[in-house]
Each structure stands twice: as structure tokens, then as C-alpha cells.
Amino acid sequence: MTALSPECTVARYLAGRLAELGITHLFGVPGNHLGPFLTTLRAEGDVEWVGTPTEGGAGQAADAYARVHGIGAAAVTYGVGAFNLLNACGGAYVEHIPLVAINACPPYEQWQNYRALGLLTSHMSPRRESNLDVYRQVTVDAQVISNPGLAPGQIDAALTACLSERRPVYLEVMEDLWDAPCAVAEAPLLRRERPFSTRNQTMLDNAVDAILTLIDDHPGPDGRPRPIVWAGEEIDRFRLGDQLTDLTDATGVPFCTTVGAKAVVDEELRQFHGVYNGPASHPDVHWIFKDWATCRIGLGAWSTSKNLGGDQSVGTDWVMAAQGGVSVGTRYFPDVQLERLLPALQDALVKRFGSGGLAADYYAEAHAHHGAPGDRPASLRNHRATLHTGGSRTRSGERLTYDGVFDRINHFLGQETQEDWTVVSDAAFSLIGSMNLSLPAGGFLSQISWLSIGWSVGAVTGAALAPEREHARPMVFVGDGAFQVTCQEISTHTRLGLRSVVFVMDNGHFYGIEQMLVHPSYYADRDSGEGDEAQEADFYNVLHPWHYDRLADVFSGKKTPANGISIAHASELDELLARLADPTDPLNDGPLLVRVRLHRHDYPRAMAYKVQEKRG
Ligand SMILES: Cc1ncc(C[n+]2csc(CCOP(=O)(O)OP(=O)(O)O)c2C)c(N)n1
């Protein structure tokens, strides 16, 4: 049995384990129950505390940190703080993000008082397990630590589950335990992968055979195989970008990504053909994916409503490898791991069709189908330069539109800036609009399935502090409604001196996508709707108007500069981007809030299908 060490305490144990996982920053809002842990954390010196204005913001930061680094952590105080963090943890659970939620709770004796006398102290609920119970719904392991002797085992169990399941875990620690002695850590923490038995090998072989049969059964009009790969979120979560590139290089097979896996590999890669998300895809991408290709191979792609652009199902000419299994047409192989499937499929495809045997010049055909090069999605290779020219200059008096902004930004990112950027897009029109930007590997983050509005503003903090992307400058696209939820998280950007550029897409203080989902006729009538918009918009989608750019003054100080600017015309965006590209311009010294004033009836062209559905 391991002896208790006077040198180790529960706080030191947990701090040490977080450091061992390479976690450099812990995000959160303190309360007295958390204080002793934070004091120890600072004394240990490996993990830096980042206090955020809200627990939601801490959760967003920890989530984005985990997306980039592989694991992240947030710490809060019992009840009030924990319930505020819950939304972020819910998102991390749904999106398979390894997030450690630390909840510091009242000391043991207060729980005894409650048990014996019913005495509630601050933040306690008469439901003793209320915090634990709600976190059980959004974690793969949840522990209440009330005995220091058990703490190392419980902490290790939770952290191992977090690494292995790649999903959030919950650690509730009683305040008096932080300084209680416990055993020192012995063996390092390890990810525990599911076993791979001969049975799994057989299932993998059968799945690969079934995929080859599906490809054979769906030849193109010329009799040749025409599969396309749809790379998804799990390529990112399992860090399989290199294997995906190997597969597409070796076979020549073209691929799209989901929105959630946007930029999981460099979007300049030869075989990359854009982001496919059902009817919201660019017409060329849609054509290649659905019409040119005769079968579709989803690798780590989730069939969420955003990924499918509202389509409700995939067809029998699809393979979907995700969540630990593979469906091939109507057959299902329940225990096949993606990291094993990729190389096995690559070998089988090369063996069957030869090296590069699935490469095809479908681009010429796509061009014939969809006319003008300026129409092409930014993310289609070889057309980047053309596109960028198309988006580089608009007429100076022209009002900005969603599409005008994203086309112009695409040119900026591809041709004008010397810096690396991490684009972080919020839900709604911002996400749809940024989908076709052309970005390098790792250059895009979004919360694609949970879609909690305002996520991007807090997420930037975590993305910018993660060691893997600390070199990259954050660029945010966030709707005005979403920004109103989390605007105070800009304070953390300012405090840390992040040079984030936050485009607040102000479409006339309006929840645009909600309007489109409920009553798209508002947009269908947009050409004739000038002047009486207020009557047509549903009252509950109209926001109180803010001067978003002026918040820069609120959050800045002498040593912590922040700037705000409001733009409405193409020429103003041109001027702004020229200043962003100039490192000597003081505009680049701290966060920059850009209020982008758009017409309330405007929407990204990718949403046109919704409006057309309405028109019939
Ligand atoms: C936390 C949260 N509350 C409510 C919603 C529902 N919702 C989805 S989109 C949206 C409106 C977003 O408006 P805005 O950020 O202005 O973007 P726009 O639709 O105008 O592009 C709302 C309220 C949500 N997704 N998340």
C-alpha cells in the first residue's frame, strides 16, 4: 500500500497531473472553496490561472484550448459557478472535447452539518448530489472527492477517462481536502485505447471489403470508380490529419470536409474540394460531392444537421465511419476504429486501383457545369488566386454584405497578411459565411453541433493560449446577438494582450438565422421589403442596438490597449485590412472590435436554399 506523503497534498497532486498533461493554463472564476487550490497551483508554477469574467467564458476557453492542445481544464466554485459552466461542458460532451471540469465544494464538516441539521451554507442545494448529477449527464467520469486517501485514484480515474474517451470529466473536491496530505503520483497517466483483437481485425477486413464492393457497385458513367471522401470531426479529435493526407495522396481520391472538420488539413491540398454541407454547400462542391462522385466515404464525419445542411439522412451509396463503427450502405460493422480503418483502406484502394488510381480531372467538368470562376468557393484549390482577385476590391461606395466581407477577407488571408491566423466562427450566418474561406491546417475553430451562441468570444482565449497555436492571431466572426451573450470575454483578450480581431456582424441588431428558420419569407421578400422591415421581422428576433465598437474603450487601459471601429462600406473594409497588414499600425497593439454594419435583410448566399424552399 502506498504511504501518504507529507509532501504531497490533494491540490499538489491535481496540479501536478494537469502539468503532466501539458496544460499550461487553467480557466475559471474563483470562490472561497477554490482559493487553496489556486494558491498551490501558483506556488507549483507550471499551470497559469486565467480568471475570466464568467464561468461560461472559462468553459469556452478551456474547450478551445482542448480542441487545440488535446485536453483543457476549467475550475469553478460549487453550485453557482458549476451551473454556469454546465453549458460549456454540455457542448464539450456533444463535440467530443476532453475538458476537465473542477468544482470546488464546501468542506466535509459543512456537509455533516447539512446531513444532521439540514443547515445549508452558501451555494448548497438541498439536493446533496445536484452538481454531481447534472455533470453526470455531460461527462464520461464524475467523482466527488471527500477522502484524501482516495483522491489520487479518483483523480487518475477521471483524467484517464478524459484522455481515453476524449470527452469531459468532472472532479468535485471538498475545500478542506486541498491541503490534506495524499500519496504522490507514481505511474504516468496513459490513454487507454480499446483493445484490438483478432475479431476486430476480421471486422476491419470485412468493412474494407464492403467499402470496395460499394465502390465497385457504383461506377461512374465511364465505368471507372468515382468515390469521394468526406473527412469529419473525428479526423481532428483523433489527430488523424496526416493519415488522411497519406490516404488521399496515395490513392488520389478527392475529398471534402464537414464544416466541423474545416481545415483539419491544409485546404491547399491537391485533392481537397471544399466543405460539403448538403444544400448549403457551394454549387461546385455540391456537384462534385453528389453528382460527379457516385459514392461517398465519410471518415470520422458526424451526420449532424449542420454537416448535412438540414438533410435528414444519408443514402445507401454512403459509407459512414464514426463513433467507433462503420456503416457501408445498409451494412454495419460495430467495432472498427477509425485510426485502423484509414491505413487499411488506403492499402486496399492502392492495391485495387493502383497508386493515385482514384485521381480524376473532374474539375474541368465542374467548370463546365458552373460557369464563372468568380462563383467558385474559396476553398477549391487552383482557384484560390482567381477567387482572391474576385474578392480583392469592391466598389468603394458599396455597402458591405456577408458575402462581400467573406470574399474580401479570403483575399486578405491568402494574399495580403504575413501573419498566421486562427479563424474562430460563431453559430449562425457567421459560421455559414466563413465556411468557404481557404485556410491552412488548424486554422479554423467552431462549435458545430452544440452551437451555443457567443462561444467564439471566449473560445479565442483558449485557442490563443494553447502552445500549438500561440503564434497565430485570432480572427473572430460573431453575430451581434451572439456577441451580446459573451461580450465581456473581450476583457480577457485585453487583459492578456491578445491581438484578436473580432468582427461583430451587426445585421441591424437582429437574430437573422432564427428569423430565417422560422419565417424565411422575411428574406424571400427582401428585394421589396425596404422600409417596412420592422413590421416584417418577428418581434422576438429584434435586439436592443449596441455600439459594439465602443466597448473597446470599456475594456482597455493605458497598458492594455484595445481598439474599436465601425464599418459599413467596402472601402472601409479595404482600409481596415490594409492597416491590419501593417505591423507598425497601433491598431494592431491589442484586441480590435470591428462592428460590421450590414443590412437586416442580408444573408450569406449559402443560405439561399432556405429562402428558395420558402419560395417553392
Ligand atoms: C446560448 C444560446 N441561446 C440561444 C440559442 C438560439 N439561437 C441560435 S442562433 C440565434 C441567433 C443568433 O443571432 P446573431 O448572433 O445575431 O447571428 P445571426 O443569426 O444574425 O447571424 C439564437 C438566439 C443558441 N443557439 N444558443
Side-chain angles (χ1 to χ4, degrees), residues 54-60 63 83-95 138 259-260 277 280 304-306 309-310 400-406 409 423-435 446-460 476-490 502-520 522-523 526 529 533-534 536-549 551 593-608 610-611:
T54 66
E55 286 88 357
Q60 291 152 1
D63 169 323
F83 282 19
N84 274 343
L85 182 66
L86 191 64
N87 177 24
C89 206
Y93 183 78
V94 169
E95 304 219 352
V138 293
V259 197
N277 64 337
T304 63
S305 64
K306 272 289 166 298
L400 287 169
T401 60
Y402 280 101
D403 292 331
V405 170
F406 285 107
I409 294 287
V423 174
V424 186
S425 286
D426 218 276
F429 290 164
S430 297
L431 180 59
I432 297 289
S434 50
M435 184 173 83
S446 67
Q447 196 192 43
I448 187 67
S449 184
W450 187 246
L451 293 163
S452 184
I453 59 171
W455 175 85
S456 60
V457 187
V460 159
V476 181
F477 296 100
V478 55
D480 44 4
F483 187 72
Q484 289 198 4
V485 180
T486 53
C487 64
Q488 65 272 52
E489 295 304 326
I490 292 289
V502 180
F503 290 98
V504 182
M505 308 302 276
D506 177 358
N507 51 346
H509 47 276
F510 195 42
Y511 288 145
I513 204 152
E514 290 291 318
Q515 183 68 43
M516 186 166 277
L517 293 177
V518 180
H519 289 130
Y522 173 80
Y523 287 98
R526 72 170 164 171
E533 330 164 347
E536 293 176 40
D538 285 310
F539 68 93
Y540 50 82
N541 288 325
V542 177
L543 293 153
H544 183 60
W546 291 11
H547 295 281
Y548 301 99
D549 46 311
L551 282 172
L593 273 174
V594 186
R595 178 185 181 192
V596 183
R597 301 188 61 188
L598 303 161
H599 196 281
R600 190 181 281 183
H601 273 94
D602 189 36
Y603 58 87
R605 62 183 159 237
M607 293 302 297
K610 267 270 160 230
V611 180

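For clarity, every value in this text was computed on a predicted model and none was experimentally measured. One-based numbering, in listed order, for ligands and for the atoms of each.
- Salt bridge absent: Arg597 and Asp506 never bring a charged side-chain N and a carboxylate O closer than 4.0 Å.
- Using a 30° and 60° split on the angle between ring planes, Phe483 and Tyr548 fall in the perpendicular class, above 60°.
- When all heavy atoms of Ala482 and Ile453 are compared, the closest pair comes out as CB-CB, 3.7 Å.
- Using cut-offs of 30° and 60° on the angle between ring planes, the pair Tyr603 and Phe429 is tilted.
- Looking only at heavy atoms of the protein, atom 13 (O) of ligand 1 is closest to Tyr511 CD2, 3.2 Å.
- In this structure, Ser452 counts as a contact residue of ligand 1, since one of its heavy atoms falls inside 4.0 Å of the ligand.
- For Tyr540, the OH atom sits in a packed shell: over 12 heavy atoms of surrounding residues, nucleotides or ligands are nearer than 6.0 Å.
- Within ligand 1, counting atoms from 1 as listed, the ones closer than 4.0 Å to a heavy atom of Phe429 are 21 (O).
- Here the protein heavy atom with the shortest distance to atom 23 (C) of ligand 1 is Ile453 CD1, 3.7 Å.
- Taking 4.5 Å as the limit, every side-chain heavy atom of Glu55 sits out of range of all side-chain heavy atoms of Phe83.
- The shortest N/O to N/O separation between Ala428 and ligand 1 does not fall below 3.5 Å.
- Looking at ligand 1, you'll find an N or O of Ala482 within less than 3.5 Å of one of its N or O atoms.
- With a 4.0 Å cut-off on non-hydrogen atoms, Ile513 touches ligand 1 through its backbone as well as its side chain.
- When only non-hydrogen protein atoms are considered, atom 14 (P) of ligand 1 lies nearest to Gly481 N, 3.5 Å.
- Below 4.0 Å from some heavy atom of Asn507 lie the following atoms of ligand 1, by number and element: 20 (O).
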Inset, instruction - Step by step, work out the side chain to side chain donor-acceptor pair (under 3.5 Å) result for Thr486 and Gln60. - result: CA-CA 10 Å; Thr486 53; Gln60 291 152 1; 5.0 Å; no

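- Ligand 1 has no nitrogen or oxygen under 3.5 angstrom from a nitrogen or oxygen of Asn87.
- Each of Val478, Leu593, Val476, Val594 was checked for a side chain to side chain contact (heavy atoms under 4.5 Å, CB included) with Phe503, and the lone residue meeting it is Val594.
- With a 4.0 Å heavy-atom cut-off, ligand 1 is reached by the backbone of Phe510 but not by any atom from C-beta on.
- Among protein heavy atoms, the minimum distance from atom 7 (N) of ligand 1 is reached at Glu514 OE2, 3.1 Å.
- For the pair Asp480 and ligand 1, the shortest N or O to N or O distance falls below 3.5 Å.
- Between Asn277 and Lys306, the shortest heavy-atom distance links the atoms CB-O, 3.3 Å.
- The side-chain heavy atoms of Tyr402 and Asn507, taken from C-beta on, include a pair separated by under 4.5 Å.
- Taking atom 25 (N) of ligand 1 as the reference point, the nearest protein heavy-atom neighbour is Leu451 O, 2.8 Å.
- The residue from Gly512, Ser456, Gly433 that puts a heavy atom closest to atom 20 (O) of ligand 1 is Gly512.
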